[in-house]
Every structure is written in C-alpha cells, then in structure tokens.
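As structure tokens, the structure follows; a few thoughts come after it.
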Amino acid sequence: MKNFAIVLASGSGSRYGDNSNPKHLFKVNNIPIIVWTINSVISSNIFHDVVIVTKEEYSNSTMSAIKLYFDINKNNIYEAIGGNERMESFFNGLKLLRENNDLNNLDTLALIDANRPFCSPNQLINLNKLALKVGCSCPARPVVSGVAKIKNETIIEVPNKDSFVEFVTPEIIKYEVFENSLKVSNVIKKSLIEYALLTEFKPSFIPSSELNAKLTYPEDLAYLEGLVKKYNLKLYQNKG
C-alpha cells in the first residue's frame, strides 16, 4: 500500500485579480505559498510520490521555488503540466503517477490545493486513515449561512441547511474507489467526493479548521499571514 499526493497549482488567479503571477508563488511570511503546502505534505511522512501540477508557463518558476527548499529527488517530487480545468489537471498528475508506479487497489490518491498552504500533517494523516476505512474523505464544516436553490436569478427553494456541509480540500480517495467510479460514468466531475458517490462507497469527513484557509482573494493574503503568527507556523527544512 502506498499513498500519493497530487498538488494542483494550475489555477488562473482570475478571482484574485492578478493574472500576471500564479497565486501559489505569492509569499506568506516571505515564503512561497506552494512551499508551505509541500511542507505539510512532506511533514506528514505518508506520501510515496508528490506530483506538482502547474501550467507550462509557470513550470520553471514553480519548480525553482520548490528546489530552494526541498530536495526533489529525496522527496520524490515530480512535475506534470496542468490542463484547462481542475480535474483535467488532476488526471494529468495521475497519468504521471501511473507511468512511474504500479498502482493497486489499496493505494490512496490525495487531491491537494496548492493555495491551501497550512493543512496540518496530522490532518493529512487522519484523512488518509479515514479514506482507507470508508473509501474517500475530506475536511468539512457545518453551513452557517442560508442555502438557496436558484433559477433565472430567482430563489425558488430554501432547503434545511442542517442537511449540508461545506467541504474543502484535501480530498483523499482509495485507488480502487476511483477506478470503480470511472467505470460508472465518463462525465468529468469537480471533486473526488463526487467520484466516490458514483460507487457504493460513501465519503466521510473530519472537521475542517481555519488552517484549511485558501488564498482566493487579495484580502486572504493578510489572513494567511495572521495564521502564521497565531499558530507560530514554521517551515520544515528538508533541503540537502
């Protein structure tokens, strides 16, 4: 049994309002966000290979930033070129894993967002254990605001929000579950949770925390800086 991480760093940054630089290379406490993300992945000590999926135009800058902090050979860090859509990028990363490894049913695949830099190593460990037990897992929290179904810019239904959770990455799925889901439907989904739901396996979740925060908008950068100070977050130096 082996565990594999696919780190998606190929978003457009359109919501951030800066298309000239990828968000994963913005710095928090003077360290690129993707370095913080890989720091958590490596510190968990559970992943055999780590695949970074990024756009071709950001390939050199992304890998150069990573190499300043980590020995990519020692830590089995590889690179794949991202696609136009989120899950296309995931499949590109998976393709590389399949080329380098003989994947089996008990292996796990983790979809990790490069722009959620502070997911704790313990959370990754616990998510992986849960995925091995039930097939698929993610962090989630109760919905606080109201939920409404809309049609033509009109609210047509207000369901009971207690029946919903807000789930985020990282998502982890057993390879067997993912392969079975592909036999059921060839429609591209947006999350591993949706793939798992195509099978007899029902995903489960653990509580998310503020350390699952994501860089989406400019104001999020200051929030991430605050988390570094609040939790006294440190970088695990793994170079050399």
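For the single chain, residues carry numbers from 1 onward in sequence order.
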Sorted by chain and residue number, the side-chain hydrogen bond (donor to acceptor under 3.5 Å, both in side chains) partners of Lys95 (sequence neighbours excluded) come out as Glu99
Taken in chain and number order and not counting sequence neighbours, the residues that satisfy side-chain hydrogen bond (donor to acceptor under 3.5 Å, both in side chains) with Lys229 are none
TODO: Inspect the surroundings of CD in Glu56 and state if more than 12 heavy atoms from other residues, nucleotides or ligands are less than 6.0 Å away.
DONE: no
Q: Take atom CD1 of Ile156 as the centre, draw a 6.0 Å sphere, and report whether it contains more than 12 heavy atoms from other residues, nucleotides or ligands.
A: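 Yes, CD1 of Ile156 has more than 12 neighbouring heavy atoms, counting only those of other groups under 6.0 Å.
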Please answer: with hydrophobic residues joined when any side-chain heavy atoms are less than 4.5 Å apart, are [X] and [Y] in the same cluster?
| X | Y | value |
| --- | --- | --- |
| Val168 | Ile112 | no |
| Val165 | Phe201 | no |
| Leu224 | Val7 | yes |
| Phe91 | Leu97 | yes |
| Val41 | Ile31 | yes |

Quick check for you: to the nearest 0.5 Å, what is the distance between [X] atom [atom1] and [Y] atom [atom2]?
| X | Y | atom1 | atom2 | value |
| --- | --- | --- | --- | --- |
| Ile193 | Ile172 | CD1 | CD1 | 10.5 Å |
| Phe70 | Met63 | CZ | CE | 11.5 Å |
| Ser43 | Ile46 | OG | CD1 | 11.5 Å |
| Lys2 | Leu109 | NZ | CG | 13.5 Å |
| Asn180 | Thr199 | CG | OG1 | 6.5 Å |
| Tyr58 | His24 | OH | NE2 | 8.5 Å |

Taking the side chain as every heavy atom from C-beta outward, state whether [X] and [Y] have any pair of such atoms under 4.5 Å apart.
| X | Y | value |
| --- | --- | --- |
| Leu130 | Phe205 | no |
| Leu233 | Leu211 | yes |
| Ile206 | Ser137 | no |
| Phe26 | Asp220 | no |
| Val53 | Leu96 | no |
| Leu8 | Asp113 | no |
| Leu103 | Leu94 | yes |
| Pro22 | Lys55 | no |

Sorted by chain and number, sequence neighbours left out, ring-ring contact (aromatic ring centres under 6.0 Å, His included) with Phe90 holds for Phe178
I'd like to check the ring-ring contact (aromatic ring centres under 6.0 Å, His included) partners of Phe118; sequence neighbours left out, ordered by chain and number.
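Applying ring-ring contact (aromatic ring centres under 6.0 Å, His included) to Phe118 gives Trp36.
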Any side chain to side chain donor-acceptor pair (under 3.5 Å) pairs touching [range], not counting sequence neighbours?
| range | result |
| --- | --- |
| residues 124-134 | Asn3-Asn128, Thr108-Asn128 |
| residues 146-172 | Arg116-Thr169, Arg141-Glu166 |
| residues 80-89 | Ser10-Ser89 |

For [X] against [Y], the heavy-atom pair lying closest together:
| X | Y | value |
| --- | --- | --- |
| Tyr195 | Ser181 | O-CB, 3.0 Å |
| Val51 | Gly93 | CG1-CA, 3.9 Å |
| Gly82 | Asn92 | C-ND2, 3.7 Å |
| Ile38 | Ile66 | CD1-CD1, 3.4 Å |
| Tyr69 | Pro32 | OH-CD, 4.0 Å |

In sequence, state the C-alpha distance, the side-chain angles, and the governing distance for Leu111 and Ile6, and then conclude on side-chain contact (heavy atoms from CB on, under 4.5 Å). CA-CA 5 Å; Leu111 186 160; Ile6 299 175; 5.8 Å; no
Quick one: side chain to side chain contact (heavy atoms under 4.5 Å, CB included) partners of [X], sequence neighbours excluded?
| X | value |
| --- | --- |
| Glu194 | Lys189, Lys190, Ser191 |
| Ser64 | none |
| Ala196 | Cys136, Ile173, Val177, Pro203 |

(request) Please determine if Arg98 and Glu179 form a salt bridge, counting it only when a charged side-chain N lies under 4.0 Å from a carboxylate O. (result) yes
query = Judged by modelled atom types alone, do Asn101 and Asp49 share a side-chain donor-acceptor pair under 3.5 Å?
reply =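 The criterion, which ignores hydrogens and geometry beyond distance, is satisfied for Asp49 and Asn101.
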So, the side chain of [X] versus the backbone of [Y]: is there a donor-acceptor pair under 3.5 Å, distance only?
| X | Y | value |
| --- | --- | --- |
| Asn39 | Val35 | no |
| Ser44 | Ile125 | no |
| Asn104 | Leu106 | yes |
| Asn115 | Leu215 | no |
| Thr37 | Ile33 | yes |

(message) Show me the pairs that pass salt bridge (Lys or Arg N to Asp or Glu O under 4.0 Å) and involve residues 25-34, at least two apart or across chains.
(response)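 Listed once each, the pairs would be none.
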- Query: Does the side-chain contact (heavy atoms from CB on, under 4.5 Å) test come out yes or no for Ile72 and Lys67, once each step is laid out?
  - Reply: CA-CA 7 Å; Ile72 64 171; Lys67 290 175 183 178; 3.5 Å; yes
(Q) One pair to check against side-chain contact (heavy atoms from CB on, under 4.5 Å): Met87 and Leu192. What are the steps and the verdict? (A) CA-CA 9 Å; Met87 290 310 297; Leu192 297 186; 4.1 Å; yes
Does Val28 form a side-chain contact (heavy atoms from CB on, under 4.5 Å) with Leu221? I'd like the steps, not just the answer. CA-CA 7 Å; Val28 174; Leu221 203 57; 3.9 Å; yes
Contacts of Asp107 meeting salt bridge (charged side-chain N to carboxylate O under 4.0 Å, His left out) (sequence neighbours excluded), chain-then-number -> none
